[in-house]
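Accompanying notes for the structure given below.
Heads up: numbering here begins at 1 and tracks the sequence.
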Amino acid sequence: ERYLQLSADRGLWYYYNLLEDDAFNSIQHSATYQSILAATKARYLQHARHYEGKASYAMPDGEAPPEGWPTVIFLHTYGKAAAISPEERLLFGEMGVAYIELNGTQMLSENSFRWSNYSDESTQTAIQRTLQQLAPQLKLNPRRIYLSARGQGALHAANLIAKYPQFYAGALLIAPNGEIKPAQQSLAAQKKIVMAYYDRQNFSEQALALHFANLFGEDNQVETLHFAQGEDAAGSWQARFKRPLQWVLGKAPDATPGV
């Protein structure tokens, strides 16, 4: 407790670490811990609200089509942040689509975010709030909003496609995993969806990808991609997933991945 108090005195605001770390189980009912937790939550709420769900975007050159730009929204893996690389700006510019990345809705530490471990509703709210703010300014096409996501973000994205298909035209979902319950029913129909997973994932994570492939498979066009190896070289995810994403966007005749 003494070291925890020292951290609190120095302005500790990592609320979720303090709330959920098993290392604090033995003291979590103590008055000191509860007092520090409350103060940490207050600091967290004050600091994190400026960053949670914050959007970054990249736009193609030229005039928007009359109906607006097709738009890809990316949801990152656990512990990451929105960060659009020069390669991504080039890739999506060449595709002729607007590209948006969001920080997760729960800030863990500097430049580290997650999507809620408790519900996907805050993710849906963050996406729709961003679109309401940016669509008029950037001339986005509300009928062609696509989700691209990895890891925890992909689990949230899959649930949102299943629950709120009226908002999303299709999705590229890579290695979904996370704590929230996966959707068991889907309202999605006539969407193009790519589901990708890897040998390196554990059995339950591979089974989760196949669950969604089956869930969406009846009423949608679904391509399931299985890879032995991950992408480790810089830019290799673009080489692997460019064509599958183009297929989702209606810009390629098939979803054959690159090497």
Side-chain angles (χ1 to χ4, degrees), residues 16 20 22 53 72-82 101-106 108 112-127 145-232 236-237 240-245 247-248 255-258:
Y16 289 105
E20 298 169 349
D22 290 342
V72 173
I73 297 177
F74 180 72
L75 306 183
H76 58 70
T77 58
Y78 189 103
K80 299 295 186 179
E101 291 196 8
L102 299 182
N103 286 339
T105 56
Q106 294 180 344
L108 302 176
S112 177
F113 298 82
R114 73 180 186 193
W115 310 97
S116 173
N117 273 355
Y118 313 110
S119 169
D120 49 46
E121 291 301 321
S122 58
T123 308
Q124 170 70 359
T125 299
I127 294 171
I145 305 297
Y146 301 86
L147 296 179
S148 174
R150 277 183 176 270
Q152 192 201 21
L155 173 54
H156 280 244
N159 275 8
L160 297 186
I161 288 278
K163 293 168 66 175
Y164 302 110
Q166 67 271 31
F167 294 104
Y168 307 110
L172 168 63
L173 306 171
I174 304 171
N177 64 66
E179 298 296 324
I180 62 170
K181 183 179 179 181
Q184 301 299 308
Q185 296 178 309
S186 172
L187 300 174
Q190 299 180 314
K191 314 287 185 187
K192 287 184 175 180
I193 299 171
V194 171
M195 180 65 65
Y197 67 102
Y198 301 89
D199 282 347
R200 67 173 185 234
Q201 294 178 268
N202 63 37
F203 176 81
S204 63
E205 289 178 350
Q206 294 187 42
L208 182 61
L210 295 174
H211 161 74
F212 279 116
N214 291 331
L215 182 69
F216 294 130
E218 192 167 324
D219 298 316
N220 304 276
Q221 296 181 63
V222 176
E223 291 289 338
T224 303
L225 306 178
H226 174 213
F227 300 107
Q229 302 292 331
E231 307 86 45
D232 46 19
S236 65
W237 84 260
R240 174 171 279 179
F241 289 110
K242 179 179 179 179
R243 191 173 180 91
L245 183 57
W247 176 76
V248 169
T256 304

>> Within this structure, what is the CD-CG distance for the pair Gln106 and Asn117, rounded to the nearest 0.5 Å?
In response: 6.5 Å
> Does the Asp120 side chain pair with the main chain of Thr123, one donor and one acceptor, at a distance under 3.5 Å?
Replying inline: no
>> A side-chain contact here means heavy atoms from C-beta on lying under 4.5 Å apart; do Lys191 and Pro165 qualify?
In response: yes
>> Tell me the closest heavy-atom pair linking Gln201 and Ala175, and the distance in Å.
In response: NE2-CB, 3.4 Å
> Would you say Ser122 and Gln124 make side-chain contact, with heavy atoms under 4.5 Å?
Replying inline: no
> Any donor and acceptor pair, going by atom type alone, linking the side chain of Asn220 with main-chain N or O of Ile193 inside 3.5 Å?
Replying inline: no
>> Closer than 3.5 angstrom, by distance alone: can the side chain of Thr224 be matched with the main-chain N or O of Met195 as a donor-acceptor pair?
In response: no
>> Restricting to non-hydrogen atoms, name the atom on Pro244 and the atom on Leu225 that form the minimum distance, rounded to 0.1 Å.
In response: CG-CD1, 3.9 Å
> Do other residues, nucleotides or ligands put more than 12 heavy atoms under 6.0 Å from Lys192 NZ?
Replying inline: yes
> Does the pair Asn103 and His76 meet the rule for a side chain to side chain donor-acceptor pair (under 3.5 Å), with working shown?
Replying inline: CA-CA 8 Å; Asn103 286 339; His76 58 70; 5.0 Å; no
> For Phe241, what residues pass the ring-ring contact (aromatic ring centres under 6.0 Å, His included) criterion, not counting sequence neighbours?
Replying inline: Phe227
>> If you count every heavy atom of other residues, nucleotides or ligands that lies below 6.0 Å from Gln190 atom CD, does the total exceed 12?
In response: no
> Any idea which heavy atoms bring Pro176 and Ala196 closest together, and the distance?
Replying inline: CD-O, 4.2 Å
> Taking only residues at least two apart or on different chains, which pairs with a member in residues 176-187 satisfy salt bridge (Lys or Arg N to Asp or Glu O under 4.0 Å)?
Replying inline: none
>> How close do Ile161 and Gly170 get, counting heavy atoms only, and between which atoms?
In response: CD1-O, 3.9 Å
> Could you state the interatomic distance from NE2 (His226) to CG (Leu210), rounded to the nearest 0.5 Å?
Replying inline: 8.5 Å
> So how far is it from Leu173 CG to Phe216 CZ, rounded to the nearest 0.5 Å?
Replying inline: 6.5 Å
> Would Trp115 and Leu102 satisfy side chain to side chain contact (heavy atoms under 4.5 Å, CB included), going step by step from the backbone distance to the final call?
Replying inline: CA-CA 10 Å; Trp115 310 97; Leu102 299 182; 3.9 Å; yes
> So with a 6.0 Å cut-off around CD of Gln184, is the heavy-atom count from everything else above 12?
Replying inline: yes
> Where do Leu108 and Tyr78 land on the side chain to side chain contact (heavy atoms under 4.5 Å, CB included) test, with the steps shown first?
Replying inline: CA-CA 10 Å; Leu108 302 176; Tyr78 189 103; 3.6 Å; yes
> Looking at side-chain heavy atoms only, is the closest gap between Thr105 and Thr125 below 4.5 Å?
Replying inline: no
> What do the steps show when you test Trp247 against Thr256 for side chain to side chain contact (heavy atoms under 4.5 Å, CB included), and what is the final call?
Replying inline: CA-CA 9 Å; Trp247 176 76; Thr256 304; over 6 Å; no
> Any side-chain heavy-atom pair from Phe212 and Leu155 closer than 4.5 angstrom?
Replying inline: yes
> How many angstroms lie between CG in Leu187 and CG in Asp219, if you round to the nearest 0.5 Å?
Replying inline: 10.0 Å
> Rounded to the nearest 0.5 Å, how far does CG of Leu75 lie from NE2 of His156?
Replying inline: 9.0 Å
>> With a 6.0 Å cut-off (strictly less than), is the heavy-atom count around NZ of Lys163, excluding the residue itself, greater than 12?
In response: yes
>> For Ala149 versus Ala157, what's the shortest heavy-atom pair and its separation?
In response: CB-CB, 3.8 Å
> Where do Tyr168 and Ile127 land on the side chain to side chain contact (heavy atoms under 4.5 Å, CB included) test, with the steps shown first?
Replying inline: CA-CA 11 Å; Tyr168 307 110; Ile127 294 171; 3.6 Å; yes
> What heavy-atom pair brings His211 and Ala183 nearest, and what distance separates the two atoms?
Replying inline: NE2-O, 2.8 Å
>> Would you compute the distance between atom CG of Leu172 and atom CZ of Arg150 and round it to the nearest 0.5 angstrom?
In response: 8.5 Å
